[in-house]
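Shown next, in structure tokens, is the structure this report addresses.
Proteins come first, then strands; the chains are lettered A, B, ... in the order of their sequence lines, and each starts at number 1.
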2 protein chains.
Amino acid sequence: MKTSSVELIILDLLSHEQAHLTAQEIYQQLKLRLPAVNPSTVYRALERMAHAGKISVSDMGRGAMVYEAVGGERHHHLVCQDCGAVMTIEDRPVNELFRYLEGRYHFEMITNHLILFGRCQNCQKVSESGRQ
Amino acid sequence: MKTSSVELIILDLLSHEQAHLTAQEIYQQLKLRLPAVNPSTVYRALERMAHAGKISVSDMGRGAMVYEAVGGERHHHLVCQDCGAVMTIEDRPVNELFRYLEGRYHFEMITNHLILFGRCQNCQKVSESGRQ
DNA sequence: ATTGAAAATGCAAGTATTTGCATTAAAATA
DNA sequence: TATTTTAATGCAAATACTTGCATTTTCAAT
Ligand SMILES: [Zn+2]
Ligand SMILES: [Zn+2]
Ligand SMILES: [Zn+2]
Ligand SMILES: [Zn+2]
């Protein structure tokens, strides 16, 4: 794999903020620095980087996959399906499950950014009191 | 919510086989029974049904989300990123993690069909011996 | 420094998915 | 049953994403 200039900029974009960006958002940002870049180049670069484990790809309920640089502390998220709130959770309990499954099923886990959907405390209260 | 005829057929499609079907696959099947159905009707029905908890939506690495009827035994999957093999795993250990997280974060879990990516035993062996 | 192979990019066409708005069908109400 | 209300559908246009192929760039080997 050649070190593509587009890849370098994408990594820079994703590293700066601890961002979860969609392909579209990345493309828009990228155009600011590389005005002539083609959309398909971006889609292909993201696919390549995800496959190489440089970035994670996750459905966070935003209608399109979001990408994040892999590197710092490993983490996961709880996403509220009602209000969209995103909570970040520690790796430990998730990691324990993963180690167990690896042993039990002789499977080597690659997933490194788990997204779980549900309802946050606030939205639970709302529907408890109000109608619905 | 009106009982839409499209919804009924989709549920029937998804129930019959313990299928994980993409929107396109569902649309193609549906056309056999309802030749004049419009694609957007299918996409909208799927969105509605997912939101109502009637079906699960998951990325199983097939390039598009797959839908499955919710109802029988709750289960989850391990998907091999190399060969695409799909293993079905029991709910118990996953459920334990979920209950823990619910208590720890006052979060009510909705995710009911978890997909974890990794490498199956066979593909691990292959890359161990062969090159790469 | 040149040359050649392999990988990345651009471009254009194809496919998939979403969206706004008018119409139709279903449920609720009178 | 007739009327009103609300949700589902069709249609067409817009947007998002993918793919095949020609060209350009990168890296490694002269
Ligand atoms: Zn994250
Ligand atoms: Zn919430
Ligand atoms: Zn399943
Ligand atoms: Zn495999």
Side-chain angles (χ1 to χ4, degrees), chain A residues 1-14 19-69 81 84 130-132, chain B residues 1-14 19-69 81 84 130-132:
Chain A
M1 173 186 324
K2 319 283 172 84
T3 20
S4 132
S5 50
V6 168
E7 259 186 57
L8 291 179
I9 303 183
I10 290 178
L11 273 182
D12 187 50
L13 279 177
L14 291 180
H20 300 118
L21 300 179
T22 65
Q24 279 300 309
E25 290 166 342
I26 292 170
Y27 172 58
Q28 299 305 334
Q29 293 286 316
L30 202 53
K31 270 206 297 194
L32 300 178
R33 299 210 219 169
L34 222 57
V37 74
N38 193 281
S40 66
T41 299
V42 178
Y43 287 112
R44 281 192 280 228
L46 288 172
E47 185 184 12
R48 215 160 53 222
M49 297 165 76
H51 189 263
K54 296 175 185 171
I55 58 179
S56 67
V57 193
S58 322
D59 170 18
M60 291 182 73
R62 293 184 39 199
M65 292 291 167
V66 296
Y67 299 86
E68 182 174 28
Q81 214 153 67
R131 70 240 156 278
Q132 155 46 192
Chain B
M1 171 186 324
K2 319 281 174 85
T3 20
S4 134
S5 50
V6 167
E7 258 185 59
L8 291 178
I9 302 182
I10 291 179
L11 274 182
D12 187 51
L13 279 176
L14 291 179
H20 301 118
L21 301 179
T22 66
Q24 278 300 309
E25 290 166 341
I26 292 170
Y27 173 58
Q28 299 304 334
Q29 293 286 315
L30 202 52
K31 270 205 297 192
L32 300 178
R33 299 210 220 169
L34 222 55
V37 74
N38 193 278
S40 66
T41 299
V42 178
Y43 287 110
R44 281 192 278 227
L46 289 171
E47 185 185 11
R48 214 161 54 219
M49 295 165 76
H51 188 265
K54 296 175 185 172
I55 58 179
S56 68
V57 192
S58 322
D59 170 17
M60 292 184 71
R62 293 181 42 197
M65 292 290 170
V66 297
Y67 300 86
E68 182 175 28
Q81 214 153 70
R131 68 247 158 270
Q132 154 51 188

Discussion item. So A:Glu7 and A:Ile10, do their side chains get closer than 4.5 Å, heavy atoms only?
Written reply: no
Discussion item. Let me test you: for the helix from C:dA1-D:dT30 to C:dA30-D:dT1, what is the angle between the axes at its two ends (five pairs each), rounded to 10 degrees?
Written reply: 30°
Practice prompt. Determine the minimum heavy-atom distance between B:Ile55 and B:Leu46, stating which atoms define it.
Written response: CD1-O, 3.6 Å
Worksheet item: Reckon A:Ala36 touches a base, only the sugar-phosphate, or nothing at all at heavy-atom distances under 4.0 Å?
Response: sugar-phosphate
Item to complete: Dump the intermediate steps for side chain to side chain contact (heavy atoms under 4.5 Å, CB included) on B:Leu14 and B:Ile26, then the final yes or no.
Response: CA-CA 8 Å; B:Leu14 291 179; B:Ile26 292 170; 4.2 Å; yes
Practice prompt. Would you kindly give the CG-to-P distance between B:Leu30 and D:dT9, to the nearest whole Å?
Written response: 10 Å
Fill in: Between P of C:dA8 and CG of A:Leu8, the distance in whole Å
12 Å
Practice prompt. Check the distance between C:dA8's C1' and A:Leu11's CG and give it to me in whole angstrom.
Written response: 15 Å
Fill in: A:Leu46 CG to C:dT9 C1', straight-line distance once rounded to whole Å
14 Å
List every contact pair, protein side and nucleotides 16-19 of chain C side both N or O, where the distance is under 3.5 Å.
unit_1 : atom_1 : unit_2  : atom_2 : d
C:dT17 : OP2    : B:Gln24 : NE2    : 3.0
C:dT17 : OP2    : B:Tyr43 : OH     : 2.2
C:dT17 : O5'    : B:Tyr43 : OH     : 3.1

Worksheet item: Is there side-chain contact between B:Tyr27 and B:Thr22, with at least one heavy-atom pair below 4.5 Å?
Response: no
Discussion item. Looking at B:Pro39, is its backbone amide N or carbonyl O close enough to the side chain of B:Arg44 to form a donor-acceptor pair, meaning the two atoms are under 3.5 Å apart?
Written reply: no
Item to complete: Send over the distance from B:Asp59 CG to D:dC17 P, rounded to a whole Å.
Response: 14 Å
Practice prompt. Please examine the side chains of B:Val42 and B:Leu30, heavy atoms only from C-beta on, and report whether any two atoms are closer than 4.5 Å.
Written response: yes
Worksheet item: Tell me, do B:Glu25 and B:Arg62 make a side-chain contact under 4.5 Å, heavy atoms counted?
Response: yes
Fill in: Length of the line joining A:Ile10:CD1 and C:dT9:P, which is rounded to integer Å
8 Å
Worksheet item: A:Glu68 and A:Lys54: salt bridge (charged side-chain N to carboxylate O under 4.0 Å, His left out), yes or no, with the steps?
Response: CA-CA 9 Å; A:Glu68 182 174 28; A:Lys54 296 175 185 171; over 6 Å; no
Worksheet entry | Heavy-atom closest pair, residues B:Tyr67 and B:Ala23 | CE1-N, 3.9 Å
Discussion item. In this structure, how many angstroms lie between the P atom of C:dA25 and the CG atom of B:Leu34, rounded?
Written reply: 13 Å
Practice prompt. Give the rounded distance in Å between these two atoms: OH of A:Tyr27 and P of D:dT18.
Written response: 14 Å
